[in-house]
**Student:** 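One structure follows; several queries about it will come next.
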Amino acid sequence: MELALFLAVEEGAGGGELGAPTLEINYGLSGSFQFHALLDWKTLYGEGLGSVSGLGDGEVGIKFRFVRDAEAGFEAATYPLLEVPTGEE
């Protein structure tokens with residue numbers, strides 16, 4: 001299992017978005033499948049608007065590795081994600 005706690009920042013003209021803290025969990029279900037979940041606390045800010053914060057949208061997904069050629073050093077996988085509307089509007 002892998003746990004990560006990090007900070008994510010996006011800046012734009014006149015404002016931005018801060019994801020802090022952001023918690024990411026990755027758990028290997030088998031050699032070919034990995035579960036993924038992410039949740040963060042968002043702060044949105046802009047010039048003259050102040051800031052607003054609350055729970056951000058979450059995401060869940062499963063990574064599926066469908067090719068693993070150790071001899072050639074090649075792997076291929078797909079990683080579909082679902083965004084879960086846990087945040088406020």
**Student:** Arg65: what forms a side-chain contact (heavy atoms from CB on, under 4.5 Å) with it, not counting sequence neighbours?
**Tutor:**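 With neighbours one apart ignored, the set is Lys63, Arg68, Glu75, Ala77.
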
**Student:** Got more than 12 heavy atoms from elsewhere within 6.0 Å of CD, Glu47?
**Tutor:** no

**Student:** Give the cluster check for Leu3 versus Leu5: same hydrophobic cluster or not, with ILVMFWY residues linked at side-chain heavy-atom distances below 4.5 Å.
**Tutor:** yes

**Student:** Hydrophobic clusters here meaning ILVMFWY residues chained together by side-chain heavy-atom distances under 4.5 Å, can you tell me if Met1 and Leu29 are in one?
**Tutor:** yes

**Student:** Measure across Ser51 and Thr43 and return the closest heavy-atom pair with its distance rounded to 0.1 Å.
**Tutor:**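 Looks like CB-CG2, 4.1 Å.
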
**Student:** Excluding sequence neighbours, so at least two apart, what forms side-chain contact (heavy atoms from CB on, under 4.5 Å) with Ala13?
**Tutor:**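 If we apply the side-chain contact (heavy atoms from CB on, under 4.5 Å) test to Ala13, skipping adjacent residues, there are no hits.
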
**Student:** Can you list, by chain and residue number, the hydrophobic cluster partners of Tyr79 when the side-chain cut-off is 4.5 Å?
**Tutor:** Leu81

**Student:** Which pairs of donor and acceptor atoms, one on a side chain in residues 14-25, lie under 3.5 Å apart (sequence neighbours left out)?
**Tutor:**
unit_1 : atom_1 : unit_2 : atom_2 : d
Glu17  : OE2    : Lys42  : NZ     : 2.8
Thr22  : OG1    : Gly19  : O      : 3.2
Glu24  : OE2    : Asn26  : ND2    : 3.3
Glu24  : OE2    : His36  : ND1    : 3.3

**Student:** If you link ILVMFWY side chains whenever their heavy atoms are less than 4.5 Å apart, which other residues fall into the same cluster as Phe6? By chain and number, please.
**Tutor:** Leu38

**Student:** Check side-chain contact (heavy atoms from CB on, under 4.5 Å) between Val84 and all other residues, then give those that pass, not counting sequence neighbours.
**Tutor:**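 Partners of Val84 under the side-chain contact (heavy atoms from CB on, under 4.5 Å) test: Val60, Thr86.
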
**Student:** State which residues pass ring-ring contact (aromatic ring centres under 6.0 Å, His included) with Tyr45; sequence neighbours excluded, sorted by chain then number.
**Tutor:** none

**Student:** So, using ring-ring contact (aromatic ring centres under 6.0 Å, His included) as the criterion, who are the partners of Phe64 when residues are at least two apart?
**Tutor:**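 By the ring-ring contact (aromatic ring centres under 6.0 Å, His included) rule, Phe64 matches Phe33.
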
**Student:** Looking at every non-hydrogen atom in both residues, tell me the closest pair between Ser53 and Trp41 and how far apart they are.
**Tutor:** CB-NE1, 3.7 Å

**Student:** Side-chain heavy atoms nearer than 4.5 Å, only ILVMFWY residues, links allowed to pass through others: does that put Val67 and Ile62 together?
**Tutor:**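 Yes; tracing contacts between hydrophobic side chains, which count when under 4.5 Å, links both residues.
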
**Student:** Would a 4.5 Å heavy-atom cut-off, applied to side chains only, mark Ser32 and Phe66 as touching?
**Tutor:**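 No, too far: nothing below the 4.5 Å cut-off.
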
**Student:** What are the two closest non-hydrogen atoms of Asp57 and Asp40, and how far apart are they?
**Tutor:** O-OD1, 4.1 Å

